[in-house]
Amino acid sequence: MARISLDPPRSLAVRLVKAYSKRQYGKVLEPALAIGHNTRALMAYLRFEQKVGKWKTLDPGLKILAEMVVSARIGCEWCMDFGYWTSQEQGMSPEKASKVPAWREHRDAFSELELLVLDYAESMTATPPTVTDELSARLQKELGEPALVELTMMAAIENLRSRVNSAFGLTGQGFSDQCEIRPVS
């Protein structure tokens, strides 16, 4: 159960977010409702996410893998649910997506580059971070500096999302039910 009401004041910003969410995702995103209790925070977060959505240097499949492994490590049920749906929308196979939470046991399901990305995003999520010079150098060689920057930022942003949603007590919103993807236990 959410730790904050998902019924924010009906401000113009909240009404616009609800309409956009329904059109884009088929339902209103609960994180937006929770953040909607503070209009300035909601508007800043939305502008931020809009800008992030325009980043196109990193391959979208690698970006999704990084986001999913971060949310799995943090244990954000809402982010995992949404991540599975997003992965299917981007064309990732359900089998591959379902193996992300336990990727080390399913290394054969991922390419060498994907394994590096999963390791990097997971290492960034550890407290304290455990990213090594060797891992960074290998990714820089494979991706180039601009894409490595974007990967680093995406893992950090997913840490933000997952920690906020977990703190709010948000659970799955049923996105993965629509695409029939289940995480590996």
Side-chain angles (χ1 to χ4, degrees), residues 20-21 24-26 29-32 35 44-104 106-126 129-132 135-166 170 172-173 175-176 178-184:
Y20 174 79
S21 265
Q24 187 73 19
Y25 305 106
L29 302 181
E30 290 177 353
I35 298 169
Y45 183 67
L46 292 176
R47 283 191 299 269
F48 176 71
E49 287 288 359
Q50 283 179 325
K51 302 246 184 220
V52 169
K54 294 178 181 176
W55 297 351
K56 304 295 181 197
T57 305
L58 183 64
D59 175 85
L62 297 176
K63 190 179 298 190
I64 290 169
L65 287 174
E67 291 171 333
M68 289 177 69
V69 77
V70 167
S71 59
R73 288 305 160 259
I74 291 172
C76 179
E77 187 179 326
W78 194 94
C79 296
M80 287 297 296
D81 179 51
F82 189 72
Y84 285 126
W85 178 78
T86 302
S87 71
Q88 185 179 19
E89 291 291 305
Q90 291 293 320
M92 184 182 294
S93 76
E95 296 77 24
K96 180 181 238 174
S98 70
K99 292 176 179 169
V100 171
W103 67 272
R104 290 183 190 277
H106 302 282
R107 297 178 71 83
D108 59 319
F110 303 98
S111 71
E112 268 309 304
L113 179 56
E114 289 170 337
L115 291 169
L116 290 172
V117 165
L118 289 164
D119 191 14
Y120 186 80
E122 188 175 82
S123 295
M124 279 189 61
T125 305
T130 59
V131 175
T132 64
L135 180 56
S136 291
R138 288 180 68 193
L139 276 165
Q140 184 176 339
K141 182 179 177 185
E142 290 287 328
L143 298 173
E145 288 181 338
L148 178 57
V149 168
E150 189 169 321
L151 171 61
T152 303
M153 294 299 294
M154 290 313 303
I157 291 165
E158 189 56 42
N159 264 274
L160 170 97
R161 293 172 183 147
S162 292
R163 292 179 190 282
V164 167
N165 293 341
S166 292
L170 301 180
Q173 199 173 332
F175 285 99
S176 62
Q178 297 170 1
C179 61
E180 301 178 15
I181 302 173
R182 301 290 177 261
V184 173

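Treat the numbers as computed from the prediction; the structure is a model and nothing was measured. Along the sequence shown, the residues carry numbers beginning at 1.
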Practice problem: Starting from the C-alpha separation in whole Å, work towards a yes-or-no answer on side-chain contact (heavy atoms from CB on, under 4.5 Å) for Phe110 and Leu116. | Solution: CA-CA 10 Å; Phe110 303 98; Leu116 290 172; over 6 Å; no
Quiz item: Given Asp119 and Glu114, is the side-chain contact (heavy atoms from CB on, under 4.5 Å) satisfied, shown in steps?
Solution: CA-CA 9 Å; Asp119 191 14; Glu114 289 170 337; over 6 Å; no
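Take Arg161 and apply the side chain to side chain donor-acceptor pair (under 3.5 Å) test, not counting sequence neighbours, and it matches Glu49, Glu67, Glu158. Legend: residues meeting side chain to side chain donor-acceptor pair (under 3.5 Å) with Glu122, ordered by chain and number and at least two apart, are Arg73, Trp103, Arg104. A search for side chain to side chain contact (heavy atoms under 4.5 Å, CB included) contacts involving Thr152 returns Tyr120, Met124, Leu148, not counting sequence neighbours. The side chain to side chain contact (heavy atoms under 4.5 Å, CB included) test applied to Glu112 returns Leu115, Arg138, not counting sequence neighbours. Partners of Glu145 by side chain to side chain donor-acceptor pair (under 3.5 Å), not counting sequence neighbours, listed by chain and number: Gln140.
Counting all heavy atoms, side chain and backbone alike, Ala109 lies closest to Lys96 at O-CE, 3.2 Å. The two atoms that bring Ile74 and Ser166 nearest to each other are CG2-OG, 4.1 Å, heavy atoms only. Here the closest heavy-atom approach between residue Pro101 and residue Tyr84 is recorded as CG-OH, 3.0 Å. In this structure, Ile64 and Gly83 approach most closely via the heavy-atom pair CG2-O, 4.5 Å. For the residue pair Cys79 and Asn165, the shortest heavy atom distance occurs at SG-ND2, 3.3 Å. Considering every non-hydrogen atom in both Ala66 and Leu151, the closest pair reads CB-CD1, 3.6 Å.
Inter-residue side-chain proximity for Pro31 and Leu170 is flagged as met; some heavy-atom pair is nearer than 4.5 Å. In this structure the side chain of Ser123 reaches within 4.5 angstrom of the side chain of Leu135, judged on heavy atoms. Looking only at side-chain heavy atoms (C-beta outward), Met68 and Thr86 stay at 4.5 Å or farther from each other. In this structure, the side chains of Gln90 and Lys63 stay at 4.5 Å or more apart for every pair of heavy atoms. The shortest side-chain heavy-atom distance between Leu143 and Leu62 falls under the 4.5 Å cut-off. Contact annotation: the side chain of Leu113 approaches that of Leu139 to within less than 4.5 Å [non-hydrogen atoms, C-beta and beyond]. Counting heavy atoms from C-beta outward, Met92 and Leu65 have side chains that approach closer than 4.5 Å.
Here the OG atom belonging to Ser21 is positioned 10.5 Å from the CD atom belonging to Glu30, to the nearest 0.5 angstrom. The distance from the OG1 atom of Thr57 to the CD atom of Glu150 is 4.5 Å, given to the nearest 0.5 Å.
Asn159 contributes a side-chain N or O that, together with a main-chain N or O of Ala155, makes up a donor-acceptor pair within less than 3.5 Å.
Legend: ring-ring contact (aromatic ring centres under 6.0 Å, His included) pairs involving residues 59-80, not counting sequence neighbours, sorted by first then second residue: Trp78-Phe82.
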